[in-house]
Every structure is written in structure tokens, then in C-alpha cells.
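What you see is a predicted model; the values in this text were computed from it and never measured. All chains are named by letter (A, B, ...) in the order of the sequence lines, taking the proteins before the strands, and each is independently numbered beginning at 1.
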Protein chains: 2
Amino acid sequence: MNARPASASLNAPALYEQVAERLRTRIFSHDLAPGSWIDEQALAQEYGISRTPLREALKVLASEGLVILKPRRGCYVTELSEQDLDEVFPVMALLEGRVAEEAARRLTSADFSRLQAIHDELEQHAATNDADRFFDANQRFHSALQEIAGNRYLSQLIDDARKVIKLTRRDSLRLDGRLRQSLAEHRDILDALRRGDSGLAGQRMHDHLLSGREALAKLHVASRA
Amino acid sequence: MNARPASASLNAPALYEQVAERLRTRIFSHDLAPGSWIDEQALAQEYGISRTPLREALKVLASEGLVILKPRRGCYVTELSEQDLDEVFPVMALLEGRVAEEAARRLTSADFSRLQAIHDELEQHAATNDADRFFDANQRFHSALQEIAGNRYLSQLIDDARKVIKLTRRDSLRLDGRLRQSLAEHRDILDALRRGDSGLAGQRMHDHLLSGREALAKLHVASRA
DNA sequence: ATTCATAATTATGGATGCAGTATTATTGCA
DNA sequence: TGCAATAATACTGCATCCATAATTATGAAT
């Protein structure tokens with residue numbers, strides 16, 4: 001009747017994984033800025049741990065593409081070039097498009113209600129121009145679709161790609177009008193899902209992602225001017 | 001005029017990376033069999049290194065999906081279920097299809113000659129029924145296409161997926177007739193590339209991968225009987 | 001004053017040691 | 001003889017330590 005006493009320690013993620021997660025947060029927030037050097041000693045001291053689990057965490061982040069390990073020269077936060085973005089986004093569009101397509105095929109009415117509920121949040125936050133909450137709900141919408149599509153491997157690739165894309169997170173959603181446009185695109189995707197048109201859902205999701213890339217490009221051009 | 005004296009040490013991969021590569025080889029060869037426990041001490045001793053770099057290597061392999069790390073319980077070689085394969089292959093087909101499509105768009109005549117040369121090897125090894133060399137040439141063909149397509153991110157995802165698929169390498173190519181069939185599919189792909197029909201090239205590559213999955217499925221059913 | 005060489009400092013990568021936990025073996029009891 | 005409880009063993013995960021290489025600072029020479 002107890003809650004598995006052993007599970008307490010089993011459920012506790014390894015220290016290196018906890019550290020990896022903390023570092024991800026700091027990288028996404030640009031607290032650790034792209035291109036900046038990661039001071040192992042300082043971080044280990046700050047977290048009150050030794051360098052060993054920290055270094056293991058950095059290995060994980062490196063394989064996720066969030067940092068790059070330069071042998072004998074330390075670890076640096078990844079800087080994405082425009083070319084990198086032009087490579088990642090089309091792939092992301094391909095993968096997310098597939099998810100939408102597959103989700104449309106398997107969609108139950110319960111699933112749809114769930115998506116509808118999240119979409120309503122999107123409408124709300126778009127109305128109040130709350131980019132942060134919009135972003136959050138947006139992510140949950142996409143995650144829900146992934147779950148419905150039911151391909152864990154595909155999901156994992158998307159999650160990884162999303163991490164990479166989040167490196168650029170001075171949020172294209174903050175571009176004037178982008179939030180409204182994103183919402184409109186979501187409406188169209190939801191519409192295709194309701195109609196059960198998997199091809200169309202896939203196509204619209206695909207284009208939605210590319211549209212996100214364009215918004216980001218505009219933002220970068222603007223910030224350069 | 002010198003050849004950069006520093007590059008000697010820079011070129012040397014980190015120890016953990018060397019170890020990771022050695023482990024990959026042993027995993028693919030089933031020297032370390034799926035599901036088997038990885039004895040850190042024994043391996044470290046065998047390689048004449050400490051457990052530290054070995055453990056770092058295992059972190060990398062874990063993020064590649066070749067092993068799974070069970071907290072406090074050690075590291076095990078990944079076992080792929082049929083469901084896993086049914087998830088990975090369609091994604092692989094999607095990605096490789098995209099590569100073929102993109103490569104077809106960018107293909108120069110020099111590129112085509114290169115592909116043709118590799119394909120000729122395939123014909124050779126198919127004729128002599130040399131599965132190992134066929135496999136090798138096959139991999140080079142796909143790699144060449146990836147290079148031509150010119151999307152490094154896409155390439156990386158495919159490379160990762162290929163590693164996962166290689167876990168099952170009791171080679172579907174060894175299935176009777178599969179080698180011939182694979183060759184025929186390659187001919188068709190090359191044909192589409194020559195004609196510059198990117199859509200067709202993508203489609204055929206996509207189907208080629210799914211065909212590979214089917215061959216593997218037959219093999220597994222057969223081995224169960 | 002600038003540049004190059006050399007010395008001092010600092011950081012990385014790897015080895016070793018140790019505490020805590022899981023696993024296995026052993027012993028006692030039903 | 002089988003099962004449970006407990007003791008012994010073994011392994012994982014983290015910390016600490018050390019050697020080597022890279023970076024920076026210092027000083028000399030042009």
C-alpha cells in the first residue's frame with residue numbers, strides 16, 4: 001500500500017541530468033549567451049557540486065547541439081548562423097508536418113477537444129498580446145499533437161530540434177503582427193484537423209513552421225539595421 | 001609555411017570520443033549484444049583507461065540511443081522492439097526522401113558521375129553477392145547524396161537514425177533476394193536523379209527505405225519461426 | 001613603442017578514492 | 001526443503017587530485 005519507497009531514489013534524476021536541465025534553462029534565457037565560454041569551475045562552485053557531473057551534463061548538451069566542446073579549449077554556447085536556421089527550419093517543418101498528418105489520421109473526438117481547449121488559450125493570449133503565455137500554450141499544442149501522432153522517435157527528433165531553435169529565442173513571436181499571424185495559421189491547422197484532412201493538416205503545419213522561419217529572418221534583418 | 005604544429009593535438013579526438021567510437025563498433029557487431037549490461041570497470045581496464053572518460057562516452061552513446069542509462073543500475077545496450085523499428089523507419093524514409101529530393105535539385109553532372117561510380121560498385125557487389133561490400137557502398141551512396149543535398153542538420157539526423165537502425169544489423173540485406181531488390185530500387189533512384197525529377201527521386205528513396213523495413217520485418221518473422 | 005620569447009597562471013582531461021545503494025550470498029526459521 | 005531476513009559484496013555516482021596543455025602576463029630586444 002505504500003508508494004514504493006525505492007522509487008524515491010529511482011525517480012530522482014541523476015545529478016548530471018538535473019544540471020543539464022538547469023543549464024538548458026540558462027542557455028535558453030540567454031543568461032548563458034550564444035558564443036560565451038562556460039566556466040566549469042565557477043558553475044560547479046555555484047551549484048555546489050564537483051566538475052565531474054557538470055562535465056557529463058555538458059557532454060549531453062553537446063550532443064543536443066546546445067553547446068560545442070572544443071578539445072582542450074573548453075565549452076561554448078552554440079551560436080546559430082542564418083545558414084544553420086535555414087537548415088533546421090525546413091527539417092522541423094518536415095517533421096512537424098508529418099506529425100500533424102499522422103495526428104489527423106488518428107484523431108479521436110476527445111483528442112480534438114483537448115486541442116480545441118489549448119487553442120482557446122491561444123486565442124485568449126493573442127487577444128491580450130501575451131507573448132509568453134502564447135508561446136507556452138503554443139508549445140503545449142504542438143506537444144499534444146506529437147502525443148496523438150504516437151511516434152516517440154519522431155517526437156524526440158522534434159523536441160531536439162526545438163531545443164536548437166530555442167537558442168534564437170528573442171522570440172519571433174514578439175515581431176509585430178507575428179502573434180496574430182501565428183494564431184491564424186493555428187486556426188487553419190485546427191480546421192484541417194477537424195475535417196480529418198490529414199494531407200491538408202500536414203501541409204498547413206509545414207507552412208506554419210516555414211512561416212515562423214520567415215518571421216525570425218525579418219527580425220534578424222531588423223535588428224541588424 | 002608549416003602545417004600548423006598545434007593542429008596535431010587539436011586533430012586528436014578527445015579520449016571519450018575515441019572510446020565512444022570503439023564502443024559503437026562493438027555494439028554494431030553485437031560483440032556487445034542488445035540488452036547486455038556494460039561493465040564499466042572491465043571495459044576501462046581493457047582499454048587501459050579510467051572510468052571517467054568511459055562514462056562520458058556512455059553519456060554520448062545514450063543520447064544517440066545506442067545505450068540506455070538506468071540510474072544507479074548501470075548501462076545497457078539498447079534493445080529495439082518491432083514498434084521502435086516501425087517508428088524509426090518511417091521517419092528515416094521521410095528524411096532520406098527529402099535528401100534525395102534536394103539532391104536532385106542541386107545535382108551537377110560531376111555529382112552524378114560520382115553517384116554513378118558508387119552505383120557501379122553496387123552492381124558489382126550485387127553480382128558477386130557480397131553483402132558486406134554492398135552494404136558499405138550503399139552507405140557511401142547515401143552519404144554522397146546527403147553531401148549533395150547540402151543540409152548538415154538533416155544529414156546529422158539521418159546519421160543518428162542510421163546508428164539506431166544499425167542496432168538490428170543482422171542485416172536485412174542478407175535476406176534472400178533483398179540485395180537484388182535493393183539494387184533495383186537504387187537503379188530507379190539513380191534514374192530519377194538523372195532525369196532531374198526531384199519529386200520522383202524523393203518518392204523512390206522514401207519507398208526504398210520502407211522497403212528496407214519490410215525486408216527486416218520478414219527476417220524477424222522468419223527468425224521467430 | 002612594438003613584437004617576440006619566455007615564464008607564470010589557469011583550465012582541461014584523466015586518474016583515483018570514497019560514500020551510498022543495489023545485488024547477491026548466507027543463514028536462520030517455518 | 002523453501003522462504004525470508006540479514007549480512008557481505010559489488011557497482012554506481014560524485015568528489016578530489018594531478019599532469020598536461022593553453023592562455024595570459026612579463027620582460028627583453030630591436
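A/Glu214 is linked by a side-chain contact (heavy atoms from CB on, under 4.5 Å) to nothing, counting only residues two or more places apart in sequence or in another chain. Residues passing the salt bridge (Lys or Arg N to Asp or Glu O under 4.0 Å) test with B/Asp86 are B/Arg213, sequence neighbours excluded. The salt bridge (Lys or Arg N to Asp or Glu O under 4.0 Å) check on A/Asp159 picks up A/Arg162, with sequence neighbours excluded. In this view, A/Asp111 satisfies the salt bridge (Lys or Arg N to Asp or Glu O under 4.0 Å) rule with no residue, not counting sequence neighbours. Every residue meeting the side-chain contact (heavy atoms from CB on, under 4.5 Å) condition with B/Glu21, not counting sequence neighbours, appears here in chain and number order: B/Arg24, B/Thr25.
The CG-P distance, from B/Leu69 to D/dC14, rounds to 11 Å in whole Å. At whole-Å resolution of the value, CD in A/Gln18 and P in D/dG13 are 13 Å apart. Whole-Å rounding puts the B/Gln41 CD to C/dC18 C1' distance at 13 Å. Atom pair A/Leu15:CG and D/dC14:P shows a separation of 5 Å (rounding to whole Å applied). Rounded to an integer number of Å, the gap from B/Tyr76 OH to D/dC11 P is 11 Å. Put simply, NZ on B/Lys70 is 14 Å from C1' on C/dT23, counting in whole angstrom units. Rounded to a whole Å, the CD atom of B/Glu40 is 16 Å from the P atom of C/dA22. Note: CG (A/Asp39) to C1' (C/dA11) measures 9 Å, nearest angstrom.
In terms of heavy-atom proximity, A/Leu154 sits nearest to A/Val99 at CD2-CG2, 3.5 Å.
Contacts between residues 50-61 of chain A and DNA chain C, defined by a heavy-atom separation under 4.0 Å, are made by A/Arg51, A/Arg55.
Side-chain proximity of A/Arg72 to the nucleotides C/dG14, D/dT20, D/dT12 is greatest for D/dT20. Comparing D/dT12, D/dA22, C/dT12 by their closest approach to the side chain of B/Trp37 singles out D/dT12.
The side chain of B/Arg73 places an N or O atom within less than 4.0 Å of a non-bridging phosphate oxygen (OP1 or OP2) of C/dT23.
With no hydrogens or angles considered, no side-chain donor-acceptor pair links B/Gln45 and B/Gln41 at under 3.5 Å.
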